[in-house]
2 protein chains.
Amino acid sequence: MGSKGLRRLSADDVGVRRTRQRAAILGALGGCVDFVSARELHALLTSSGATIGLTTVYRALHDLECAELVDVVRDDPGGRYYRQRPAAGHRHYLICRCCGLSRPVDAEVVERWAERIATDSGFTDVEHTLELSGICADCLPAASNGEPPCRRPVPGS
Amino acid sequence: MGSKGLRRLSADDVGVRRTRQRAAILGALGGCVDFVSARELHALLTSSGATIGLTTVYRALHDLECAELVDVVRDDPGGRYYRQRPAAGHRHYLICRCCGLSRPVDAEVVERWAERIATDSGFTDVEHTLELSGICADCLPAASNGEPPCRRPVPGS
DNA sequence: CACTAAATGAACATGGTTTCCATGTCCATC
DNA sequence: GATGGACATGGAAACCATGTTCATTTAGTG
C-alpha cells in the first residue's frame, strides 16, 4: 500500500504516481462543497462514468487524510466524511445535522487553548479534534416538525 | 429496548428496574479510572465472575450515554470508550494515545467560544465534541522508541 | 403468590472499513 | 523494443463494533 501519502500528486515526486483514478478522486472532491463519505464519493464517480474501485477510493482518502489535504468529520456510528481543505492550516466546521451543510469556523481561540493545555499538561505531541453540529436556518422548520434529515444523514453530536 | 435511559437507576423511577447486571456495570464503571470500551467492560465483568451478556453491556452504556452519566470518546476506527462522568456538567479530556491515561481538562474557554459560534451562525441546537490526545510523560520514552502502545490501543487524533 | 412489563442474552444481521492478493501500470534501464 | 521492480488497482473476503430479534427470565407490583 502507498503508505507515504500522495504529497503533491506530481509525477516529479518519488514514490507517488498520478493515475486516472486519483485525478478523478481529487476532481470529484474539489467539486463537492460539503462533506462526502467514501461510498458517496465512489457512487458519484462511477455514476459519472469513471471506472474505479471502492478500495481505491478508501485508500486515496486515507492518504489524503494523512497528507492533511482533506478535513474529516465523523458521524455518530463512526463513519468518516471528507471535504477538501479550503485553505492552509487546521480548520474546524459547523455542520448541519439535517442537510450536511458545512461552514468553516474560526477556531483560533481553541487552537491557542489547546496549545496551552499541551504545555501545561506534561503531555507531548498533543493533537485535538473538534466538531460543531447544529441545525441550519433552512432546516429548522423541517427539523422542528420531527421530520427526517433533508438530504443526508450527516454527523451527529 | 429501554429507550428511556436509566435515569437515576432508583427503584422509585417508573419503568426502570434495578437489576444485578446494571448494578454490576455501574460498579465496574465506577472502579475504572480511565476509559473502557464496551467489550473491555464486558470482559472485566465476566472475568470477575459476573454473568452478563455483551448485549446488555452495550444497552446499559447506551442508556448511560443518553442520560449523560458517562463521557464518551472515540478511537480512530470509531470505537467508543466510556468513563464515569466525574462531576456535573460537560467535561473534556486529555488522553494518552499510548496507555489510555485520561485527565479531565477545563474547557470553559471552548464552551464559551462554542456558544458564541452558535449565536453568530444562525444555527440552532448547536452541540460540540472535543477531544485532546497526546503522549503522557510516562509513555514518552517508550513512544519515542517507536514501541507499540503500553497497555491499550486507545483514542487517536 | 401471581402477574406483567421490563430486562436479559444468545444468535444473527448490519454496515463501514481494512486486508488480501492476483493483476495491471508506469518508468528507468538495458 | 524488451525487462524488471516499485507502485497502484480492485474484487472478494475478513474484521469488528454495534444493532436487532425474540424466547426466556426477572423485578417489582397488586
Side-chain angles (χ1 to χ4, degrees), chain A residues 1-26 35-43 45-46 50-66 72-82 152-156, chain B residues 1-26 35-43 45-46 50-66 72-82 152-156:
Chain A
M1 173 173 71
S3 58
K4 290 168 190 166
L6 24 87
R7 287 183 282 274
R8 217 159 273 111
L9 204 72
S10 108
D12 304 337
D13 277 329
V14 192
V16 178
R17 277 175 202 164
R18 176 176 39 200
T19 63
R20 173 177 53 81
Q21 290 88 341
R22 290 187 178 179
I25 288 170
L26 261 333
F35 285 87
V36 289
S37 69
R39 297 190 99 90
E40 285 167 350
L41 196 59
H42 178 247
L45 287 162
T46 52
T51 300
I52 189 169
L54 182 56
T55 309
T56 303
V57 175
Y58 272 109
R59 256 189 306 240
L61 289 174
H62 178 257
D63 290 348
L64 287 168
E65 185 181 347
C66 289
V72 186
V73 296
R74 322 279 296 271
D75 63 0
D76 199 57
R80 300 164 109 82
Y81 291 80
Y82 300 86
R152 280 190 261 134
V154 178
Chain B
M1 177 174 68
S3 58
K4 291 168 190 166
L6 25 85
R7 286 183 283 274
R8 218 160 271 114
L9 203 75
S10 101
D12 305 338
D13 278 328
V14 191
V16 177
R17 283 179 197 166
R18 175 176 41 199
T19 64
R20 173 176 53 81
Q21 290 89 341
R22 291 186 178 177
I25 289 170
L26 262 333
F35 285 87
V36 288
S37 69
R39 297 189 99 90
E40 285 167 348
L41 197 59
H42 178 246
L45 286 163
T46 53
T51 301
I52 189 169
L54 183 55
T55 311
T56 302
V57 175
Y58 273 110
R59 259 190 302 239
L61 288 174
H62 179 258
D63 290 349
L64 287 168
E65 185 180 348
C66 290
V72 186
V73 297
R74 324 278 295 270
D75 62 1
D76 201 56
R80 301 164 109 79
Y81 291 79
Y82 301 86
R152 279 191 260 137
V154 177

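In what follows, chains carry the letters A, B, and so on, assigned in the order in which the sequence lines appear, proteins first and then strands, with residues in each chain numbered from 1.
Legend: residues meeting side-chain contact (heavy atoms from CB on, under 4.5 Å) with Thr46(A), ordered by chain and number and at least two apart, are His42(A), Ile52(A). For Ala38(A), the side-chain contact (heavy atoms from CB on, under 4.5 Å) test picks out Val57(A), Tyr58(A), Leu61(A), with sequence neighbours left out.
Rounded to whole angstrom, the span from the CG atom of Asp75(A) across to the P atom of dG16(C) amounts to 9 Å. For the pair His62(A) NE2 and dG10(D) P, the interatomic distance rounds to 18 Å; values are reported in whole Å. Rounding to whole angstrom units, CG of residue Asp63(A) and P of dT17(C) are separated by 15 Å. The separation between Arg74(A) atom CZ and dG16(C) atom P is 14 Å, rounded to whole Å. Counting to the nearest Å, the P atom of dT8(C) and the CD1 atom of Ile52(B) are 7 Å from each other. At whole-Å resolution of the value, CG in Leu61(A) and P in dG10(D) are 14 Å apart. For the pair Arg22(B) CZ and dG9(C) C1', the interatomic distance rounds to 13 Å; values are reported in whole Å. Atom CZ of Arg18(B) and atom P of dT29(D) are 10 Å apart (whole Å).
In this structure, Gln21(A) does not reach the dT25(C) phosphate: none of its side-chain N or O atoms is under 4.0 Å from OP1 or OP2.
Listed for the Arg20(B) side chain is a donor-acceptor partner under 3.5 Å among the backbone atoms of Thr51(B). Checking side-chain atoms of Arg74(B) against main-chain N and O of Asp76(A) turns up a donor-acceptor pair under 3.5 Å.
Residue side chain Arg59(B) does not reach the base of dG19(D) through any donor-acceptor N/O pair under 3.5 Å, judged by distance alone.
The minimum heavy-atom distance between Phe35(A) and Glu40(A), with the atom names listed, is O-OE1, 4.2 Å.
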Polar pairs (N or O, both sides) under 3.5 Å between protein and nucleotides 16-18 of chain D?
{"residue": "dA17(D)", "atom": "OP2", "partner": "Arg39(B)", "partner atom": "NE", "Å": "3.3"}
{"residue": "dA17(D)", "atom": "OP2", "partner": "Arg39(B)", "partner atom": "NH1", "Å": "3.3"}
{"residue": "dT18(D)", "atom": "OP1", "partner": "Arg80(B)", "partner atom": "N", "Å": "3.1"}
{"residue": "dT18(D)", "atom": "OP2", "partner": "Tyr58(B)", "partner atom": "OH", "Å": "2.9"}

Between the protein and nucleotides 23-26 of chain D, which nitrogen or oxygen pairs come in under 3.5 angstrom?
{"residue": "dT26(D)", "atom": "O2", "partner": "Arg17(B)", "partner atom": "NH1", "Å": "3.2"}

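Atom CZ in Arg18(B) sits 11.0 Å away from atom CG in Leu26(B) (nearest 0.5 Å). Interatomic distance, Ile25(A) CD1 to Thr19(A) OG1, rounded to the nearest 0.5 Å: 7.5 Å.
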